[in-house]
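Lettering follows sequence order; numbering is per chain, from 1. Keep in mind the model is a prediction, meaning the values are calculated, not measured.
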2 protein chains.
Amino acid sequence: MGVPLQEAAPLFAALGDGTRLQLLARLGSGGPHSITDLSRASALSRQAITKHLGVLSGAGLVRSRRQGRECIWELEPGRLDDAHRYLEGISRQWDEALDRLRAFVEG
Amino acid sequence: MGVPLQEAAPLFAALGDGTRLQLLARLGSGGPHSITDLSRASALSRQAITKHLGVLSGAGLVRSRRQGRECIWELEPGRLDDAHRYLEGISRQWDEALDRLRAFVEG
DNA sequence: TTCATGCGCAACCTCCTGGTTGCACATTAT
DNA sequence: ATAATGTGCAACCAGGAGGTTGCGCATGAA
């Protein structure tokens, strides 16, 4: 099946922060950005943004490349599909459980 | 559109814990369970399970009803769809960004 | 060369999270 | 009536998360 628990938990944990979701949304809609660029739009310090990007990177949601003295970050879109699939897994289990219950009740 | 940031962050945060994902999986595949029932399968104390269920409930992922002296918990499946939709939102943004980039590069 | 910019590392602080234990209360079983 | 079971509430604790500041180092601009 799709994504095991040990992998899914830190993935969702990385998604479970407003600042990080904003970063993902920004990288998703606006394309790649440098750290300073991202922090200028965020009221937080550059270091805070760096830490958040580190968390997202650790979860495989984002990737960086060095370009001159800048560090450019962009989405790693495949990981979102993993989270996607995991949710589908639970939803499907739930639907099956409802079906079994219905079958049992209706005899 | 779908799910705003302020709502999605705590939702994913609730999903970002292995114990809670196990609880969801258990409730999804095995149907409703009482707290003691859930904690017997989990090596953690009953109170820990109670707290986790509280977090899941706060995120709208799960619901409880009192039945005699027991407290029965079950999935609230609609919320999973919310998380689902949010991920789709970011993925779609990303795909659109890629399309724009492709269009730009190919002139 | 000299200055400014972008970044990384490390220390530090505060608050929240995950976990425990102990006790009290309601409900069922004997 | 008494005992056992299932919960809830509160206090408490250790560790991690999110944030800041300060400093040093590379890289690009004047």
Side-chain angles (χ1 to χ4, degrees), chain A residues 5-27 30-74 83, chain B residues 5-27 30-76 83:
Chain A
L5 274 178
Q6 300 87 335
E7 196 177 347
L11 178 52
F12 286 121
L15 292 171
D17 180 279
T19 302
R20 289 197 285 271
L21 286 182
Q22 280 184 278
L23 287 173
L24 287 181
R26 181 99 195 271
L27 293 178
H33 285 281
S34 78
I35 296 180
T36 302
D37 201 2
L38 290 170
S39 63
R40 258 194 280 265
S42 160
L44 290 183
S45 74
R46 173 182 57 89
Q47 292 302 325
I49 301 298
T50 298
K51 283 191 185 181
H52 281 299
L53 289 171
V55 174
L56 290 172
S57 167
L61 285 162
V62 96
R63 130 192 57 165
S64 73
R65 63 173 186 276
R66 196 74 189 238
Q67 181 175 306
R69 64 183 164 187
E70 295 189 341
C71 194
I72 309 294
W73 290 81
E74 64 186 357
Chain B
L5 274 178
Q6 301 88 334
E7 194 176 348
L11 178 52
F12 286 122
L15 293 172
D17 180 280
T19 302
R20 289 197 285 270
L21 286 183
Q22 280 185 277
L23 287 173
L24 287 180
R26 181 100 195 271
L27 293 178
H33 285 282
S34 78
I35 296 179
T36 302
D37 202 1
L38 290 170
S39 61
R40 258 194 280 265
S42 159
L44 290 183
S45 74
R46 173 183 57 89
Q47 292 301 327
I49 300 297
T50 298
K51 283 192 184 180
H52 281 298
L53 289 171
V55 173
L56 289 173
S57 168
L61 285 162
V62 97
R63 130 193 61 176
S64 73
R65 63 175 187 275
R66 196 73 190 239
Q67 180 176 305
R69 65 183 163 187
E70 295 189 341
C71 195
I72 309 294
W73 291 81
E74 64 185 357
L75 274 191
E76 187 106 49

Working for side-chain contact (heavy atoms from CB on, under 4.5 Å), residues Ser64(B) and Leu53(B): CA-CA 9 Å; Ser64(B) 73; Leu53(B) 289 171; over 6 Å; no
Thr36(A) and Glu70(A): CA distance, side-chain angles, deciding distance, side-chain contact (heavy atoms from CB on, under 4.5 Å) verdict: CA-CA 8 Å; Thr36(A) 302; Glu70(A) 295 189 341; over 6 Å; no
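Distances from the side chain of Arg20(B) to the nucleotides dG18(C), dG8(C), dG8(D) place dG18(C) closest.
Computed from coordinates, the His52(A) NE2 to dG16(D) C1' distance equals 14 Å when rounded to whole Å. Straight-line distance from the CG atom of Leu21(B) to the P atom of dG18(C): 12 Å, rounded to whole Å. Atom-to-atom, CG of Leu38(A) to P of dG8(C) comes out at 12 Å; the value is rounded to the nearest Å. Protein atom CG of Leu56(B) is 13 Å distant from nucleotide atom P of dT17(C), rounded to whole Å. Between Leu44(B) atom CG and dT17(C) atom P the separation is 17 Å, expressed in whole Å. Rounded to an integer number of Å, the gap from Lys51(B) NZ to dC12(D) P is 13 Å. In this structure, Ile49(A) atom CD1 and dA17(D) atom P are separated by 17 Å, rounded to whole Å. Separating the CD atom of Glu70(A) from the C1' atom of dT5(C) is a distance of 9 Å, rounded to the nearest angstrom.
Using a 4.5 Å cut-off on side-chain heavy atoms (C-beta onward), Phe12(B) and Leu21(A) make contact. Leu11(B) has its side chain out of reach of Leu15(A): every pair of non-hydrogen atoms, C-beta onward, lies at least 4.5 Å apart.
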Can you check nucleotides 23-27 of chain D for protein contacts, nitrogen or oxygen pairs under 3.5 Å, and list what you find?
from: dT27(D); atom 1: O2; to: Arg69(A); atom 2: NH1; distance (Å): 3.1

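Panel note: side chain Arg20(A), backbone Ala14(A); a donor-acceptor pair is recorded below 3.5 Å. Here the side chain of Ser42(B) pairs no donor or acceptor atom with the backbone of Leu38(B) at under 3.5 angstrom.
Between Ser34(A) and Ala43(B), the residue anchored closer to the 5' end of DNA chain C is Ser34(A), taking for each the nucleotide with the nearest heavy atom.
Taking CG of Leu44(A) as the reference point, atom OG1 of Thr50(A) lies at 11.0 Å (rounded to 0.5 Å).
Phosphate proximity of dT20(C) to Ser45(B): present, with a side-chain N or O under 4.0 Å from OP1 or OP2.
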